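Nothing here was measured: the structure is a model prediction, and the numbers come from that model. Remember, it's 1-based here, ligands and their atoms both numbered in the order they're listed.
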Amino acid sequence: MAPEIKYTKLFINNEWVDAKSGKTFDTYSPHDGSVIAKVAEGDKADVDLAVSAAKAAFHRNSEWRLLDASARGRLLNKFADLVLRDSKYLAELESYNNGMLVNMALFLSERNALSIRYLASLADKIQGDTIPLDGDNFTFTLKQPVGVCGLILPWNFPITMFISKVVTALSAGCTVVIKPAEQTPLTALALVALLKEAGVPAGVVNVVTGYGPGAGTALTHHPDVAKISFTGSVEVGKLIQQAAGKVNLKRVTLELGGKSPLIIMNDADLNVAVPTAAYGVFTHQGQVCVAASRLFVQSGIYDKFVEKAVEFAKNRKVGNPADTAVDQGPQVDGEMMDKVLGYIEKGKKEGAKLLTGGKRIGTSGFYVEPTVFADVKDDMTIAKEEIFGPVQSILKFDTLEEVIDRANNTSYGLAAGIFTTNLNNALQYAKHVEAGNVWVNGYMMAGPQSPFGGYKDSGYGREAGLNCVDPYLEVKSVAISLPKKF
Ligand code: NAI
Ligand code: MG
């Protein structure tokens, strides 16, 4: 049975409101392409209202600013309790609107609640230094929230991304306006209802659903927004960095795409490496920023690896994400499905060897077969551009020296992996690969405790980890003249 859709309006100053224009947009089920709700289409007028509510909530005398840091942490822990209480509903709604396997959404619910608790625990550990300044001076630093933050979310992990950005900003003491992705607005609205229930004061958290050009651009150009945090495409990341310097000087955190290399050395345990490499690229239909989308296999095991990888892909069961026996669900929408199918055609045309998959499944919904290409060359489009689909591209290499240069020969730098039992090879690779996250003999090991983000065009700044609140803070040096005479 489809989960109930409780919220479809904008959330501004703790109230559910229609867009000023009265407009709505359709949101879909990726399983069959049907319209499941009409959601308020926010625009500049609505963003202006949301930002002014967030600005008022940030005033030095507001309830939020006067709250003790530890109380802020406790309030966010209450939010974690509510996310756990509603975890089944949230997982079903995520699956319904996004196409994420319900199993995966349930697994992530537990992890998301732990993330909230970790991030909440940072609230009362934000503290400055005392500094030995020359002369008769006593100096200390204050770390203070930057102000109103615009948080622009992607559609691939709507709940996880909401939590990572919103809870970090709130833990730092900021107020926020959230712009969920137009494909997946529903869980953001369900989550903000839980923040209200947890007792977040009016204006601290606002959600304006709508499109990128519209709600998104209004936020990135707003003079009263102090910071933007964005996850999405490199193309839009660049636009955001430009917009951030147009009207005022916004601080920016960008978490963008990747073309992450995974290296399989001759000495790797194939019983682990084959399924992990598959998991690295097929998980969540390949719609993962760290997807292992360039799989470099050493020549000594290449043929054997390819054979096993094809067998693994062929055994993946594709179907309705609400079915707990399924391994792969649909792509998020028709546009993304067509993009993936377009890359597959390019791969074939440019001479990569298609060994399994390659086609759409059925005619309703946005399903793509698990696809494996071998004999992929570095200059082929499928080896260069982010596909964001269930497409494994296998390339051959001879030496680690050679493959490190090839791995780094990209404008991306989000993640990287290596399978080897040779410690020196693993550490040399970890040292020299240009990526913000490196995994050895595994893939996608991550959590709120560990910094996450990209080198090069994969982003700017880090999320998660002990220092994740820093980009939401300003540092103020206070020097007090303290003459020795008294
Ligand atoms: P996108 O970057 O266009 O959208 C992400 C978010 O940015 C959405 O909320 C969107 O409404 C907003 N947005 C779009 N244009 C904007 C603008 N000019 N100003 C402010 N906000 C704006 O990504 P899209 O089109 O959904 O996906 C395209 C590709 O991006 C994917 O195929 C994938 O390669 C990559 N991507 C990477 C993600 C990641 O996790 N790093 C997540 C989503 C997409
Ligand atoms: Mg886009």
Side-chain angles (χ1 to χ4, degrees), residues 25 27-28 30 39 41-44 47 98-100 150-162 164-165 177-185 187-188 207-222 225 228-244 246-247 250 252-260 281 283-291 293 331-343 366 368 381-382 384-391 411-415 436-437 444 446 452-454 456-461 463:
F25 64 99
T27 192
Y28 303 88
V39 177
E41 184 189 329
D43 207 330
K44 184 174 181 306
V47 166
N98 168 278
M100 181 185 290
L151 309 177
I152 301 178
L153 308 182
W155 47 261
N156 56 341
F157 291 94
I159 295 180
T160 301
M161 286 292 126
F162 179 103
S164 129
K165 292 195 196 297
V177 178
I178 302 151
K179 210 298 279 171
E182 56 271 29
Q183 295 89 342
T184 55
T187 46
V207 181
V208 179
T209 46
Y211 291 100
T217 45
L219 209 45
T220 57
H221 289 82
H222 201 296
V225 172
I228 295 282
S229 177
F230 167 79
T231 295
S233 62
V234 175
E235 180 198 355
V236 174
K238 288 177 178 166
L239 291 176
I240 284 176
Q241 184 131 8
Q242 288 164 27
K246 269 229 163 103
V247 183
K250 294 179 179 66
V252 176
T253 300
L254 302 172
E255 201 270 278
L256 310 175
K259 195 69 196 172
S260 300
V281 76
T283 292
H284 195 31
Q285 295 74 264
Q287 303 169 136
V288 181
C289 52
V290 295
S293 55
Q331 308 309 120
V332 75
D333 64 12
E335 191 184 327
M336 287 299 145
M337 177 186 72
D338 289 341
K339 179 182 161 187
V340 174
L341 293 171
Y343 276 120
F366 311 120
V368 177
T381 310
I382 57 169
K384 291 199 298 199
E385 295 181 14
E386 184 170 49
I387 300 175
F388 235 53
V391 182
S411 57
Y412 288 112
L414 192 56
N437 302 267
M444 284 198 257
F452 182 83
K456 302 193 274 189
D457 291 357
S458 286
Y460 189 82
E463 299 185 297

Which N/O atoms of ligand 1 sit under 3.5 Å from a protein N/O, and at what distances?
from	atom 1	to	atom 2	distance (Å)
ligand 1	2 (O)	S233	N	2.9
ligand 1	2 (O)	S233	OG	2.7
ligand 1	9 (O)	L153	O	2.7
ligand 1	9 (O)	K179	NZ	3.1
ligand 1	11 (O)	K179	NZ	2.7
ligand 1	11 (O)	E182	OE1	2.6
ligand 1	11 (O)	G212	N	3.2
ligand 1	26 (O)	W155	NE1	2.6
ligand 1	32 (O)	K339	NZ	2.4
ligand 1	34 (O)	K339	NZ	3.2
ligand 1	34 (O)	E386	OE1	2.7
ligand 1	40 (O)	N156	ND2	3.1
ligand 1	41 (N)	G232	O	3.4
ligand 1	41 (N)	L256	O	3.1

Exercise for the section: Give a yes or no on whether a salt bridge exists between K259 and E385, defined as a side-chain N under 4.0 angstrom from a carboxylate O. Expected result: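 Salt bridge flag = no for E385 with K259.
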
With a cut-off of 3.5 Å and sequence neighbours excluded, list every side-chain donor-acceptor pair involving residues 233-241.
from	atom 1	to	atom 2	distance (Å)
S233	OG	V236	N	3.2

Exercise for the section: Output every pair passing side-chain hydrogen bond (donor to acceptor under 3.5 Å, both in side chains) with a member in residues 151-162, not counting sequence neighbours, ordered by first then second residue. Expected result: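 Non-adjacent pairs meeting side-chain hydrogen bond (donor to acceptor under 3.5 Å, both in side chains): N112-T160.
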
Practice task
Kindly say whether H222 contributes a backbone atom to a donor-acceptor pair with the side chain of K246 at under 3.5 angstrom?
Solution key: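 Flag not set: sc K246 to bb H222 has no pair under 3.5 Å.
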
Handout entry: Contacts of T220 that satisfy side-chain hydrogen bond (donor to acceptor under 3.5 Å, both in side chains) - sequence neighbours left out
Key =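 With neighbours one apart ignored, the set is empty.
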
Exercise for the section: Answer with yes or no whether the side chains of K456 and S411 bring together a donor and an acceptor at under 3.5 Å. Expected result: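 Not at all, the side chains of S411 and K456 share no donor-acceptor pair under 3.5 Å.
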
